[in-house]
Each structure stands twice: as structure tokens, then as C-alpha cells.
Amino acid sequence: MEQLPCWITQTTRRTHEIIRANLHRSPLYAGRIKGTGPRYCPSIEDKVVKFAHREAHQLFLEPEGRHTEEFYVNGISTSLPYEIQLEFVRSIPALEHAEIMRPGYAVEYDFFPPTQLRHTLETKIVGGLYFAGQVNGTSGYEEAAAQGLIAGANAALRAKNKSPFVLGRADAYIGVLIDDLVTKGTEEPYRMFTSRAEDRLQLRQDNADQRLTPKGFGVGLVGPSRWAAFEQKMSLVRECRSVASSTKLRGARIDHLFKRPEVSYSQLPVEIQAVAPAEIWELVEADIKYEGYAARQAQHNRELLKKNLQRIPDGLNFAEIPALSSETRQKLSQVRPSTLGQAARISGVTPADISILYIWLYKNSLGLATAIEAAEIEIN
Ligand SMILES: Cc1cc2nc3c(=O)[nH]c(=O)nc-3n(C[C@H](O)[C@H](O)[C@H](O)COP(=O)(O)OP(=O)(O)OC[C@H]3O[C@@H](n4cnc5c(N)ncnc54)[C@H](O)[C@@H]3O)c2cc1C
């Protein structure tokens with residue numbers, strides 16, 4: 001179908017002046033709304049204040065439909081009064097004569113601390129009551145849908161007296177999301193990021209069905225026809241793997257050749273390619289290419305566990321660690337954890353951040369040896 005264009009424009013100095021002059025009328029800035037806003041979709045008031053040096057902010061004009069003249073202005077969410085909205089909207093190139101059909105507004109909502117939940121998303125206090133979505137402190141469509149799936153499946157399993165359905169951190173992003181929520185809680189609307197997962201080389205879209213279809217089948221979420229298709233696919237995958245490990249090209253095994261970045265299944269002789277459709281070869285090739293890295297990551301994660309007792313010196317200036325994101329530096333400076341383990345439990349601090357912090361302490365020889373010895377004793 002023919003697509004409609006989506007346009008780009010930007011705010012101007014005048015837009016920012018109007019907003020700055022009226023900040024006291026924004027419920028978020030006047031203190032009438034006290035909650036922490038979503039970090040990843042800030043209001044235009046937030047952007048003008050926090051990025052005061054920016055002279056313009058990019059906006060997208062998204063058509064609302066084929067049979068309307070309405071556009072959604074993506075990038076100026078606001079809680080300023082209507083007349084101020086009209087004034088600043090008209091200070092934006094292309095919108096000088098715009099009419100506002102529905103003004104922007106702010107919603108403030110509360111949540112139940114998700115540390116009160118089990119990994120099945122059942123509340124610990126009231127058996128049989130399950131929570132999913134924004135009520136658990138998350139923000140986002142996928143975040144809500146992922147929890148809904150797990151809470152719904154577990155409610156049904158409980159009603160049937162069957163074992164619960166829990167995905168681990170190494171199984172799926174859903175596992176990372178729920179484990180973060182129920183063990184760390186959240187201080188601000190929680191968003192899922194690939195960086196929150198320590199096994200992210202394994203959590204790929206191309207192997208999602210291999211990771212999850214057997215589990216889904218086990219609890220009745222995957223029906224017989226999908227299961228049959230999956231089994232058929234897996235038998236082809238096994239066949240390709242066996243051909244790749246038993247066939248040599250130019251003196252080297254195909255599975256060894258696949259580890260090289262420049263080698264692709266499309267270079268295989270046609271009779272070998274004919275063993276399975278291209279998408280199966282693609283999958284086998286990706287799996288082999290990632291294998292070494294994924295194993296290294298798993299080893300790294302095991303070592304990291306041991307390092308949890310590593311002490312962080314009092315008064316360490318986290319702002320000096322350039323490789324950390326500003327979000328992480330801000331959180332570490334607020335909480336001032338005294339060990340790496342404590343830092344890892346701060347909501348929003350990722351396993352990758354802990355690695356960076358560890359390396360930084362190591363490079364600056366901040367008392368590592370004794371701490372690691374202590375950690376070894378504790379773990380053994
Ligand atoms: C303006 C705006 C823009 C957003 N943009 C994005 C975006 O671009 N991408 C993104 O991923 N996320 C976005 N979000 C966040 C996302 O919409 C929410 O986090 C997500 O929809 C929450 O889903 P939920 O099922 O937990 O809650 P909801 O979708 O709020 O569902 C709760 C439902 O419960 C019903 N309900 C409430 N009380 C009762 C009751 N007593 N009895 C019966 N029913 C009741 C409500 O009517 C509602 O239908 C946006 C949110 C807003 C407000």
C-alpha cells in the first residue's frame with residue numbers, strides 16, 4: 001500500500017523562550033506532580049531545561065490517517081496549559097498556522113513495588129493474584145505484553161494445579177525483565193534494554209524459537225502444528241550441522257570455516273546448499289559464528305559473580321569513569337555502593353556496567369587483590 005510521508009521539523013529559540021517563561025505553569029515543574037517521569041520519553045519542558053545548550057529539538061510530524069488532516073507531533077509531549085501549547089506550537093516551522101485538535105496533558109500514576117511479586121508474577125501476599133504491566137512500575141507496550149503472557153500463563157497453570165512457568169535470565173529478555181523487577185525493584189519507569197542482559201549474545205531473534213518453543217510446548221502455549229513445524233526445522237538444522245562438521249572445503253571443515261567473518265553459507269557448493277533452505281543455513285552459520293563469543297561471555301559472567309565482594313573505595317568519584325553512561329554514573333553517585341555486588345543490585349545498573357567498574361578499579365589498583373581473595377573464600 002502507498003505510504004504517507006512523515007515529516008521532520010524542529011523547535012526554535014522562540015519555542016524554548018515560551019516554554020522557559022511558563023515553566024511555573026507546568027505541573028511537573030511547579031511540583032504538583034512529584035513522580036519521576038519516563039527517562040526515555042522526556043517532555044519538551046524537560047528537554048528545554050535539561051539540554052539548555054540545545055538550540056533546537058527534532059520533531060516528527062506523523063500523519064494520523066489517510067482521511068484526516070491531523071498530525072501527531074512526536075517530540076513535544078507537554079503538560080503546559082492549552083494557550084501556551086498553542087503559542088509554542090505556532091513558533092515551530094511548518095506549524096505557524098496549526099490548530100490543536102486535542103491538547104497534550106500529563107498523567108501521573110502509581111505502581112506496586114514489584115519486589116512484592118514472585119517470578120511467576122503472583123503477588124506474595126495474596127495467593128492467586130497476578131500483576132502485569134505498568135502496575136509493576138514498567139513503561140512500554142512490549143514490557144506490558146511480556147508480563148501479561150507470563151502472568152496469564154501462570155494463573156492458568158495454577159488453576160490447573162500444574163507447575164509454574166518461569167523463564168530465566170539466560171533464556172529470554174522476558175526472564176531478564178521479570179528478574180530485574182522482582183529482585184531489584186525500580187525507582188523510575190522501567191524500560192527493557194538489551195544491555196540489561198548479561199547473556200545477550202545468546203538472546204538473539206534468529207534463535208528465539210529454539211530457546212522458547214520447547215518451553216512453550218511444555219506448558220501448552222505452543223500447539224501441535226507449530227510444534228511439528230519446529231521439529232521439522234530442527235531436524236534440518238541438525239542435518240546442516242552434521243554436514244558442516246563432516247565436510248571439508250579447501251582442506252578445512254565447513255563449521256571451522258564458518259567462524260571466519262568473511263565466510264558465508266552462500267559460498268558453499270550448490271549440492272551442499274541444497275541440504276536445507278537458505279534460512280536454515282543462515283541460522284546454522286550465525287550459531288557457529290557466535291559460539292566462541294557466547295562461551296566467552298558465559299565464562300566472563302561466572303567470573304563476575306565471584307567479583308561481587310570486590311570493595312569499592314569510599315569517596316570514589318564515579319563521574320570520573322568515562323565509559324559508564326551518565327545514567328549509571330548518576331545512580332552510583334546517589335547510592336554509593338560499597339561493593340560491586342551492591343552496585344549490581346541497583347536498578348538500572350547493568351552487568352556491562354559492573355565489568356567496566358571492575359576494570360576501572362583494577363587498572364587503578366584500588367585494593368583488588370585482597371578483595372578477590374576474600375571473594376574466593378566466600379564463594380568456596
Ligand atoms: C501518551 C503515552 C504515549 C506512550 N507511548 C508509548 C510508546 O510509544 N511506546 C511504548 O512502548 N509505550 C508507550 N507508552 C507506555 C505504554 O502505553 C504503557 O506502558 C502500556 O500501555 C501499559 O500497559 P498496561 O496493560 O500495563 O496498562 P494499560 O494499557 O493502562 O491497561 C490498563 C487497563 O485497565 C483498565 N482498568 C483500570 N481500572 C480498572 C478497573 N477498576 N476495572 C477494570 N478495568 C480497569 C484500564 O481502562 C485499561 O484499559 C505511552 C504511554 C502514554 C500515556
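Counting starts at 1 for both ligands and their atoms, in listed order. Numbering starts at 1 and runs along the sequence shown. Worth knowing before you read on, the calculation uses all heavy atoms, side chains too, and leaves out hydrogens, waters and symmetry mates.
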| message | Checking N154 against Y130 for the side-chain hydrogen bond (donor to acceptor under 3.5 Å, both in side chains) test, could you report, in this order, the C-alpha distance in whole Å, the side-chain angles of both residues, the deciding distance, and whether it holds? | response | CA-CA 8 Å; N154 277 298; Y130 293 79; 5.8 Å; no
| task | Mark whether atom 10 (C) of ligand 1 lies under 4.0 angstrom from at least one protein heavy atom. | result | yes
| said: Can a donor-acceptor pair be found, under 3.5 Å and without considering hydrogens, that links the side chain of E239 to the backbone of V275? | reply: no
| Closer than 4.0 angstrom: is that true for some heavy atom of R191 and an atom of ligand 1? | yes
| query | Which pair of non-hydrogen atoms, one from F71 and one from W7, has the smallest distance, and what is that distance? | reply | CE2-CD1, 3.8 Å
| How long is the span from the OG1 atom in T350 to the CG atom in L324, to the nearest 0.5 Å? | 8.5 Å
| Rounded to the nearest 0.5 Å, how far does OG1 of T186 lie from CZ of F111? | 6.5 Å
| note | Nearest non-hydrogen contact to atom 16 (C) of ligand 1 from the set Y109, Y141, F111 belongs to Y141
| query | Is any heavy atom of the protein nearer than 4.0 Å to atom 7 (C) of ligand 1? | reply | yes
| field | Polar atom proximity, Q134 to ligand 1 (N or O, under 3.5 Å) | value | yes
| Do we get R14 above F88's six-membered ring, with its NZ or CZ under 6.0 Å from the centre and within 45° of the axis? | no
| task | Return a yes/no value for E143: is any of its N or O atoms, backbone included, closer than 3.5 angstrom to an N or O of ligand 1? | result | no
| note | Under 4.0 Å from one or more heavy atoms of S139, ligand 1 contributes atoms 19 (O)
| remark: among protein heavy atoms, the one nearest atom 15 (C) of ligand 1 is G140 N, 3.8 Å
| query | At their closest point, which heavy atom of R196 faces which heavy atom of R169, and how far apart are they? | reply | O-NH2, 3.2 Å
| Counting only heavy atoms on the protein side, is anything nearer than 4.0 Å to atom 40 (C) of ligand 1? | no
| message | With respect to V135, determine whether any N or O atom, backbone or side chain, lies less than 3.5 Å from an N or O atom of ligand 1. | response | no
| Inter-residue atom distance K259.NZ - L257.CG, 0.5 Å rounding | 11.0 Å
| request: Evaluate the 4.0 Å heavy atom contact test for atom 13 (C) of ligand 1: does a protein atom fall under the cut-off? | output: yes
| request: Considering only protein heavy atoms, determine whether one is less than 4.0 Å from atom 26 (O) of ligand 1. | output: yes
| said: Under 4.0 Å from atom 3 (C) of ligand 1, can you find at least one protein heavy atom? | reply: no
| Protein heavy atom under 4.0 Å of atom 19 (O) of ligand 1 | yes
| Qualifying residue for side chain to side chain donor-acceptor pair (under 3.5 Å) with E327, from R329, K331, Q330 | K331
| task | Provide, to 0.1 Å, the distance between atom 23 (O) of ligand 1 and the closest protein heavy atom, together with that atom's residue and name. | result | A144 CB, 3.5 Å
| field | For atom 53 (C) of ligand 1, closest protein heavy-atom neighbour | value | V107 CG2, 4.2 Å
| query | Of the backbone atoms (N, CA, C, O) and the side-chain heavy atoms from C-beta on, which set of Q147 has a member under 4.0 Å from an atom of ligand 1: side chain, backbone, both, or neither? | reply | neither
| field | Nearest-0.5 Å distance that lies between atom CG in D199 and atom CG in D171 | value | 9.5 Å
| field | G133: numbered ligand 1 atoms lying under 4.0 Å from its heavy atoms | value | 26 (O)
| said: Quick check against the 3.5 Å criterion: does K289 have a side-chain atom that pairs as donor or acceptor with the backbone of V284? | reply: no
| field | Sub-4.0 Å protein heavy atom next to atom 30 (O) of ligand 1 | value | no
| task | Drop me the distance from T9's OG1 to L59's CG, to the nearest 0.5 angstrom. | result | 6.0 Å
